[in-house]
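Order of the sequence lines sets the chain letters (A, B, ...), proteins ahead of strands, with each chain counted from 1. Computed from a prediction, not measured in an experiment: that's the story for all the values here. Because only heavy atoms are used, hydrogens play no part in the values below, and waters and symmetry mates are left out as well, while side chains stay in.
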Amino acid sequence: MKRYNPKEIEPKWQKTWEEQGIYRASEDPSKPKRYVLEFFPYLSGAAMHVGHVRNYAIGDVIARFARMQGQNVLHPMGWDAFGLPAENYAIKTGNSPSLMIKEASAKFKEQLAQMGFSYDWSREINSSDPSYYKWTQWLFLLLYKRGLAYQQTGLQWWCPVDKTVLANEQVEAGKCWRCGSDVEKKSLKQWFFKITEYADRLLEDLGDLEWSDAIKTMQRNWIGKSTGAEIDFKLAEGSEVIRVFTTRADTLFGATFMVLAPEHPLVKRITTTGQKKSIEDYVKESQAKSDIERQETDREKTGIFTGSYATNPANNAKIPVWIADYVLGGYGTGAIMAVPAHDERDWKFAKKYKLPIIRVVQNEAPDEACTHDEGLMMNSGIYDDMRSEEAREQIVADLNKSGVADEHVNYKIRDWLISRQRYWGAPIPIIHCPKDGAVAVPEDQLPVIIPEIESYEPSGDGRSPLARVEEFVNVPCPKCGGPAERETDTMDGFACSSWYFLRFADPHNANAAFDKSKAEFWLPVDDYIGGADHAVMHLLYARFWTKVMFDEGLIEFKEPFKTLRNQGNILAPDGQKMSKSKGNVISPDELISQGYGADSIRLMELFIGPWNQSAAWSVEGMGGTFRFLQRVWTLVQEHIASEESEDITPELPRALAKATKAVSLDMHELGFNTSIASLMELVNELYKLKTITKLGSAQWKAVLTTLIQLLAPFAPHITEELWQRLGNTGSVHTSEWPSWDEKLLISETMTIVIQVNGKVRANIEMPAASSESDVTKLAQSHEKIAEYLQGKAAQKVIYVPNKLINFVI
RNA sequence: GCCGGGGUGGCGGAAUGGUAGACGCGCUGGACUCAAAAUCCAGUGUUGGCAACAACAUGAGGGUUCGAGUCCCUCCCCCGGCACCA
């Protein structure tokens, strides 16, 4: 009898499945569709480790289970291929980045294939392929046409190492999201997408999504909506006006000073000659500070008086105007009315610089700032004794009559900066004409192909390497035919990943980004599986593009991802993140060459704990899942080698029904670890039963066949092999998920737990049909219970039918 | 500080308010073997006891309940995210 050897069977089945195309999806309306998608991998050149494998294993088990349940499953895979890893490789080697992409995608595909994932490879896409980025460019032009793409000069985040600008979301705590180096600010003209115009919809539609609260909250915080008012404060002298945003207009009477951000445009104009020197020094000082420094929360507040005064529109009080770096230039209007009595930061500032503090909302703690308290108004003229919530609206409405206040909604989210001064990205399809300005490249001239170049090094002037390619840059204006210049910026890689899930529905369409009916058939994605690290960037951008496409009528749905599933990370056995530098990376290749095989790795990925919780990889644990598969293998081999028998036992179908039910129910809840545990339990049970019944029976064959089906989504290779060896036709993976006979689970006896005062003291076996009085009688007479009761009747008896009886004494 | 997720044996983890610790790892013992590996079988929360058994036990402390890992309150710790957002 041959032993279980994954090296022999796994490659064989991988080849067969691909040849027979059993995972290919088609628009068959007779079955319910299910679109299962894992975040498509970003080809950074790093090899796949067991942490990545978990992501794909979760998706694959969902896809395989859905298929066996009779659903029409789309489970595709492709490559997020633009970006700096390939470009840096090109700079180093002088080869085209496409070469690196070719190698990296081939390697990744091989690694995925050896894990036995059920992808429809006929739909493979690559975002750096002209047949793909043609449509990324087309979608750029769609946004441009709809007024959602624009150019603007301003201070942008600049990564000095990557030599390119970054979007807001790509700056994490003052550092570049890719390389981790400190970012700088640079004044540049760049392309933006107007995601702010969709802020409200991006916020509202979050409600209907089956996403974790964690991710929803992150998106809400990022969008950062706050409702309030904008109020104008006139300067005491001159005609200048300082506009502020506030969520607490009710505290207007308590505004005893104003603060401008150091970068506020009014600062120079309103500084009085006496204060000029110290203000200039302060502005310079705060510019020199890195953003990380400015973001330290517990920093002492600093600021300088400008010498000017403004008039509080509520009471005409003359209040000083200061500048301070705790006010941010980029949020609201870059200026605030300071209400020290009701804002902690203003309070600290006022204390330090001895500015007046006036309470305007009655509350109980006069010695500190009461920030979120609502209450009755005080020190507020005609608004006194009004509820603060009411006063808030009334004050704005009253000021609005004289045109100095408006209701206003403010957002933290900024427009999406998509220009990149790099080579390896989709060129922005715009031509700049001295006469006609920015002109869209006509659709029939798409794609704007990335030209082959000699040197991939970015030019020192901050422009893309494409700027050096004259044939690329110098083109006639599509409008007037006169000499014009092509845009040389490329698009942020996140543009490509903002629509790839649609391309999978129709990956080879040469005439459109996708066919509407195909997109409508498959989308939205039913199960979108990936790490939480893309919670803000990718998911926000993709939702934005989807809504734009909806508005254009390209699709009829507003949200791309119905259910988002964030898998827990796999850590190294030492509990740390896996990284090359720490030398603690565990790769699936290594485990496979050690003889474990893909099936036991897949099993381990899911058995290690709940799929959405992180866990440290266990090297010893691998032995356990391998052993389990080996036990299954041995069982089937022994059955095949056994003499035919007519033996029958009720234990076999009962154990099977129990497992089938447990696994089926758990699978619907994505309880993969407990499903596997139930299967192990079943196998343990079968090992006991094989000592008391003959293995060669038809009953055994049926039980083993079902066991193999239950195991198939987790361990596709061994189950396919055993399915065949048991003489079944077709593939186990296209077979129908087993059902169970509930009747077999009804037991003739039941175990009643007997408690005294809630403590378990005994348990008894009774016929399942026993009545409450039967149970009470028998339980009372149990020798241990009688001892507790000491002949007296219990004060109270609680009976949970068929389960438990509790005597309270 | 705020938001989200956690805290259960030596370890990963399991438990519709009803026998806490399923399943796996590890460990211990046994079978097989000349021997080892592999495999199979049994045991394994802690303390006391030869044992039956008893007490203790789900981060800490309170509460609700006949009964709490599970529900409520207060607090501590760990992980992830955001962070002077007016």
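Between B/G26, B/C85, B/G18, one nucleotide has an atom nearer to the side chain of A/Tyr331 than all others, and that is B/C85. Here the side chain of A/Phe245 is nearest to one of B/A86, B/C23, B/U19, namely B/A86. Listed candidates were B/G24, B/G18, B/U19. Nearest to the side chain of A/Asn763 is B/U19. For A/Arg631, taking side-chain heavy atoms from C-beta onward, the closest of the listed nucleotides B/C40, B/A14, B/A54 is B/C40. Proximity note for A/Ala214 (side chain, C-beta onward) versus B/G4, B/G18, B/G26: the nearest is B/G4. Proximity note for A/Lys412 (side chain, C-beta onward) versus B/U19, B/C85, B/C41: the nearest is B/C85. The nucleotide whose nearest atom lies closest to any side-chain atom of A/Pro610 is, among B/C41, B/G13, B/G26, B/G13. The side chain of A/Arg345 lies closest to B/C84 when the candidates are B/C3, B/C84, B/C40. Closest to the side chain of A/Ile798, out of B/A20, B/C66, B/C23, is B/C66. Looking at the side chain of A/Ile608, the nearest of the listed nucleotides B/G12, B/A86, B/U39 is B/G12.
Heavy atoms of A/Asn684 sit under 4.0 angstrom from primed sugar atoms or phosphate atoms, though from no base atom. Looking at heavy-atom distances under 4.0 Å, A/Glu681 makes contact with sugar-phosphate atoms alone, never a base. A/Ala677 comes within contact range of at least one nucleobase, with a heavy-atom separation under 4.0 Å. In this structure, A/Thr625 reaches neither bases nor backbone, as no heavy-atom distance under 4.0 Å exists between it and the strands shown. Within the nucleic acid shown, A/Phe807 has no heavy atom closer than 4.0 Å to any nucleic acid atom. Residue-level contact check: A/Lys690 touches neither bases nor backbone, having no heavy atom under 4.0 Å from any strand. Within the nucleic acid shown, A/Val760 comes within 4.0 Å of sugar-phosphate atoms alone, with no base atom in reach, counting heavy atoms only. Among the heavy atoms of the strands lying under 4.0 Å from A/Gln630 are primed sugar atoms or P, OP1, OP2 only; no base atom is included.
Across all strands shown, B/A14 has no partner, as no Watson-Crick or G-U wobble contact with both distances under 3.5 Å is found. A 3.5 Å limit on both hydrogen-bonding distances identifies B/G26 as the Watson-Crick or G-U partner of B/U44. The nucleotide B/A60 finds its pairing partner in B/U74, both defining distances of the Watson-Crick or G-U wobble pair being shorter than 3.5 Å. Across all strands shown, B/G49 remains unpaired; no Watson-Crick or G-U wobble contact has both distances below 3.5 Å. As the counterpart of B/C2, B/G81 is assigned, both hydrogen-bonding distances of the Watson-Crick or G-U wobble pattern falling under 3.5 Å. Base pairing annotation: B/U39 forms a Watson-Crick or G-U wobble pair with B/A31, both donor-acceptor distances under 3.5 Å.
A side-chain donor from one of A/Arg631 and A/Asn684 sits under 3.5 Å from a side-chain acceptor of the other. Judged purely by distance below 3.5 Å, without hydrogens or angles, the side chains of A/Asp666 and A/Thr674 pair a donor atom with an acceptor atom. A/Ser226 and A/Tyr331 share a side-chain donor-acceptor pair at under 3.5 Å. Using modelled atom types and a 3.5 Å distance limit, the side chains of A/Tyr326 and A/Asp346 yield a donor-acceptor pair.
Between A/Asn221 and the phosphate of B/C85, there is no side-chain N or O to OP1/OP2 separation shorter than 4.0 Å. Phosphate proximity of B/A86 to A/Ser226: present, with a side-chain N or O under 4.0 Å from OP1 or OP2. At the phosphate of B/C56, OP1 or OP2 sits under 4.0 Å from a side-chain N or O atom of A/Lys759. Dashed line: the shortest gap from a side-chain N or O of A/Arg220 to OP1 or OP2 of B/G4 is not under 4.0 Å.
Centroid-to-centroid, the aromatic rings of A/His538 and A/Phe39 come within less than 6.0 Å.
Between A/Glu787 and A/Arg761, none of the side-chain N atoms (NZ, or NE/NH1/NH2) sits under 4.0 Å from a carboxylate O, so this pair counts as no salt bridge.
Looking at heavy atoms from C-beta onward, A/Trp322 lies out of side-chain contact with A/Val327 at the 4.5 angstrom threshold.
The separation between A/Met680 atom CE and B/A22 atom C1' is 12 Å, rounded to whole Å. Residue A/Glu230 contributes atom CD, which lies 13 Å from atom P of B/A86 at whole-angstrom precision.
Summary of the strand contacts: A/Ile215 and A/Thr247 both lie near RNA chain B, and taking for each the nucleotide with the nearest heavy atom, the more 5' one is attributed to A/Ile215.
On the P atoms, B/G12 is 25 Å away from B/G17, given to the nearest whole Å. Across B/U74 and B/C79, the matching C1' atoms stand 23 Å from one another, rounded to whole Å.
Taking the syn range as angles within 90° of 0, the glycosidic angle of B/G9 is syn.
Side-chain atoms of A/Thr625 come within 3.5 Å of backbone atoms of A/Ser600 as a donor-acceptor pair (strictly under, hydrogens ignored).
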